[in-house]
Each structure stands twice: as C-alpha cells, then as structure tokens.
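Structure first, commentary second.
Starting from 1, each residue takes its place in the sequence as its number.
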Amino acid sequence: MRNAFAALSIALGACAAAPDVAVAQSFPTQPIRLINGGAVGGGWDLAARLLAERMKDDLGQAVVVDSKPGADGIIAASAVAAAVPDGYTLMPAVTSTMVMNPVMHDKLPYEPLRDFEPISMVCIYPLVLAVNAAVPVTTLREFIAYAKGQPGRLNYGSANSGYTFATETFKQQTGLDLYRIPYKGSAQTVTALVAGDVQVAMIDAASALPQIKAGRIRALAVASPERPPFLPDTPTMSEAGLPGFELVFWLAMFAPAKTPRDVIARLHTSVERSLKSPELRERLLTAGVLPMSSTPQALGDMVRRDLAQVREMAKTVRMAAE
C-alpha cells in the first residue's frame, strides 16, 4: 500500500498517456460486463457503478455491473480470471482482492500478477476509524484508553481481508484487545456500527460518510497521510496520536490475462477519459473516494510493490484467513 497520496499520484501519473499501440477500431461491439466482488451498497460497488455509467457514454456500449459478492472477492476474481480474454469481461478490484488475499489465503484460485492484465487505477479509498455514537469518546487517544480499560469486551466489524488486516495492524500497534465480527460488505458493517452491534470499525470513508454526516457514527481518525477533502475536520492517525499508521486502499480495473494490448489500450483510454469528467469526479468525491487514473504499467508495478509491503507487514500481524 502506498503511504501517501502525493507519492501515489507521482507513481501512477509518471506515464499518464496510454501505451503507444494501435487501438482496435472495432472494439467494443457488444456490452461490457464488470464483475464486481463488492456487496451492493458499499463504497466499492458505488464507485464501480458510477464509472460504468461514464464508460458507457465513452465506449458507445452498455457497461453492466454484475455483482458477485462473497468469499472476500474470490468469487468475482475467479470468474474474471477464467473469462475469455476479449475485453468484454472486466474486474473492478480493490486492494483486498489483489494484495491482501494472496497473503491471507494459502490456496487462492487466482494469482494477481499471472491471471490479470492491469488497465487503470480508478480511485483510492481513505480508511476511517469510526465508533458508534454511544461510545463515550471523541478522540483516538480517548478510544485507546477506553478500549484498554475493558479488554476483549469491544467488537469491531470488518467486511473482507483488507479491513481485517487494517484493524489487526491497528490492534498490534496499540495493544488493544478487540473481537472481530465479520460482515458480507462495507454497507452491512456500517449498519452494524450504527446499531451498536459493533462498537468500532476501520471502514472506507465512502461507506461511512453518510452516517458520519448524520451523526450516527463518529469519525476519530483517517488512516491516510492527509485529511481527505470530504473529512476536513477528522485528523490523520499521526495527528491523532498514532504516528506512522498510514494505509491507503484503492480500486482499479483489470482484464483477464492475455487480453489483446490494443483492447487494453482502448479500455484504459475510456477509464482515463471518464475520470477526467468534472461531473464524475464531483460525484466520486461526494461519495467519499478520490478519483485517480494510471497507466497499465504503473498499476501493475503498484500491485507488485503493495504485495511485497503487505507480505512484510503480515510477519508481525497474527490473523487467520477469512
């Protein structure tokens, strides 16, 4: 995981132009399907659907989001890895699918660097540490003290290996004893947090933002190196008293391995053009995500770097596969 928005922007924007290859003039001639592993209503699903709307206009063909949630995104990833590599079946994948799962699962039915062709980055998801409104704390330091005073009695919710890894890393760095309750998606995690079924969650801002604004949950800190524009009053973990805790999750577009390069180039151009739309950018920012495109090569390089970093981090974080 890249540890700064600025560093991520530099790394992904270094080669902003599409690969210099001939684009297939006939592509696409039929609808394109985005197989999405995120639960309907979560930040992952929302960003994929907003992007699909804009890509449809750019490509002149329907771009349909096909939700296949569950199994930590493995169901969706397996389906795309096995699909015909013609550009008509794509995967909007998040950090947990491409980076966390290979570290957390011993027998994964896909391999990120072997089974997929990178197309483009789509956006990054700032993570926010949030608590139920009834929890009597307003700052990160107060929460750490509160949780240490009742070890093992507070529950945290998480929807996939990415959120679990982030929270377990937080536990390891703070010495807290929190009990995990799993959920099928981010939306369900937020619902449980609002209801008080869990007292705390490390969740993407896109899923949490409406309930934060409504006052039903309280944001204590963001795990990003900078305050995102949609949570300007929420301190970073470092500002709140936990220096060095920085995790940035992302959403990116992938195709099955061996998809022709000219098709990848056309799809990359479509994603990049879509993300330049002021309307789409505003809708994504309002939804709690930061739009950001990349070249296919830069995305592939980022997956390699993030895999190496998470494997190193996992040596000190004790957790079982989902």
Q) Are side-chain N/O atoms of Ser277 and Arg283 paired as donor and acceptor at under 3.5 Å? A) no

Q: With rounding to the nearest 0.5 Å, note down the distance linking CZ in Arg304 to CG in Leu299.
A: 9.5 Å

Q) Parallel, tilted or perpendicular: which describes the rings of Phe249 and Tyr163, with under 30° parallel and over 60° perpendicular? A) tilted

Q.
Would you say Val40 ends up clustered with Val65 if hydrophobic residues are merged whenever their side chains have heavy atoms under 4.5 Å apart, either directly or through other cluster members?
A. no

Q: Indicate the atoms forming the closest heavy-atom contact of Pro109 with Ser78, along with that distance.
A: CG-OG, 3.2 Å

Q) Are the side chain of Ser294 and the backbone N or O of Met121 linked by a donor-acceptor pair below 3.5 Å? A) yes

(Q) Less than 4.5 Å apart, side chain to side chain, heavy atoms only: is that true for Phe230 and Lys213? (A) no

Q.
If we ignore hydrogens and angles and just use 3.5 Å, is the side chain of Thr234 paired with the main-chain N or O of Ala221 as donor and acceptor?
A. no

Q. Closest heavy-atom contact between Val80 and Leu90?
A. CG2-O, 3.8 Å

Q. Got a donor-acceptor contact below 3.5 angstrom from the Lys171 side chain to the Leu178 backbone?
A. yes

Q) Should Leu267 and Phe27 count as side-chain neighbours, where that means a heavy-atom distance under 4.5 Å? A) yes

Q | Criterion side chain to side chain donor-acceptor pair (under 3.5 Å) on Ser161 and Asp72, from CA distance to verdict | A | CA-CA 7 Å; Ser161 60; Asp72 220 6; 3.1 Å; yes

Q. If you look at every heavy atom in Pro256 and Thr89, which pair is closest and at what distance?
A. CD-O, 3.2 Å

Q: Give a yes or no answer on whether the side chain of Asn132 reaches the backbone of Ala134 with a donor-acceptor pair at less than 3.5 Å.
A: yes

Q. To the nearest 0.5 Å, what is the distance between CE (Met100) and CG (Asp306)?
A. 8.0 Å

**Q.** Approximate separation, where rounding is to 0.5 Å, of Gln309 CD and Leu247 CG
**A.** 10.0 Å

Q: Could you tell me which non-hydrogen atom of Arg153 sits nearest to which non-hydrogen atom of Gln199, and how far apart they are?
A: O-OE1, 4.2 Å

Q: Rounded to the nearest 0.5 Å, what's the gap from CG on Leu220 to CZ on Arg218? Could you check?
A: 7.5 Å

(Q) Once rounded to the nearest 0.5 Å, what's the spacing between atom CE of Met302 and atom OG1 of Thr95? (A) 7.0 Å

Q: Might you point out which heavy atoms bring Pro92 and Asn36 nearest each other, and give the distance in Å?
A: O-OD1, 4.0 Å

Q) Asp262 and Arg266: side-chain contact (heavy atoms from CB on, under 4.5 Å), yes or no, with the steps? A) CA-CA 6 Å; Asp262 54 354; Arg266 179 66 185 98; over 6 Å; no

Q) Are any non-hydrogen side-chain atoms of Leu280 and Met55 less than 4.5 angstrom apart? A) no

**Q.** Hydrophobic cluster membership, Ile181 vs Val200, 4.5 Å side-chain cutoff
**A.** yes

Q: Examine Ile32 and Val64 and state if one hydrophobic cluster contains both, with Ile, Leu, Val, Met, Phe, Trp and Tyr joined whenever side-chain heavy atoms are less than 4.5 Å apart.
A: no

Q) Is the side chain of Ser238 donor-acceptor paired with the backbone N or O of Gly244 at a distance under 3.5 Å, no angle test? A) yes

**Q.** Heavy-atom closest pair, residues Gln30 and Gln61
**A.** C-OE1, 3.4 Å

Q: With rounding to the nearest 0.5 Å, note down the distance linking CG in Leu231 to CZ in Arg227.
A: 10.0 Å

Q. Can you tell if the side chain of His268 reaches within under 4.5 Å of the side chain of Ile119, non-hydrogen atoms only?
A. yes

**Q.** Cluster link Leu113 to Val99, ILVMFWY, side chain under 4.5 Å
**A.** yes

Q: Please indicate whether Arg216 has more than 12 foreign heavy atoms, meaning atoms of other residues, nucleotides or ligands, lying under 6.0 Å from its CZ.
A: no

Q.
Can you confirm whether the side chains of Asp58 and Ser270 place a donor and an acceptor under 3.5 Å from each other?
A. yes

Q: Report the C-alpha distance between Ser207 and Thr189 in whole Å, list the side-chain angles of each, state the deciding distance to 0.1 Å, and finish with yes or no for side-chain contact (heavy atoms from CB on, under 4.5 Å).
A: CA-CA 9 Å; Ser207 298; Thr189 303; over 6 Å; no

Q | Residue pair Glu312 / Val103, side-chain heavy-atom distance below 4.5 Å | A | no

Q: Side-chain contact test, heavy atoms from C-beta onward, threshold under 4.5 Å: evaluate it for Trp44 versus Ser186 and give yes or no.
A: no

Q. Under a 4.5 Å cut-off applied to non-hydrogen side-chain atoms, are Asp115 and Phe254 in contact?
A. no

(Q) Could you tell me if Glu168 and Tyr156 have a donor-acceptor pair between their side chains, going purely by distance under 3.5 Å? (A) yes

**Q.** CA sep, side-chain torsions, deciding dist, call: Leu176, Ile144, side-chain contact (heavy atoms from CB on, under 4.5 Å)
**A.** CA-CA 7 Å; Leu176 297 185; Ile144 292 172; 4.1 Å; yes

(Q) Any side-chain to backbone donor/acceptor pair from Arg33 onto Tyr88? Under 3.5 Å, distance only. (A) no

Q.
Working note: Leu285 + Leu290, criterion side-chain contact (heavy atoms from CB on, under 4.5 Å); need CA distance, chi angles, decisive distance, verdict.
A. CA-CA 6 Å; Leu285 286 168; Leu290 298 164; 3.6 Å; yes

Q) Among the clusters formed by ILVMFWY side chains lying less than 4.5 Å apart, do Tyr183 and Ile75 turn up in the same one? A) no

Q. Pick from Leu51, Leu50, Val94, Leu251: which one makes a side chain to side chain contact (heavy atoms under 4.5 Å, CB included) with Cys123?
A. Leu251

Q.
Hydrogens and angles aside, do Thr167 and Arg180 bring a side-chain donor and acceptor to less than 3.5 Å of each other?
A. no

Q | Flag side-chain contact, heavy atom, 4.5 Å: Leu193 against Ile203 | A | no

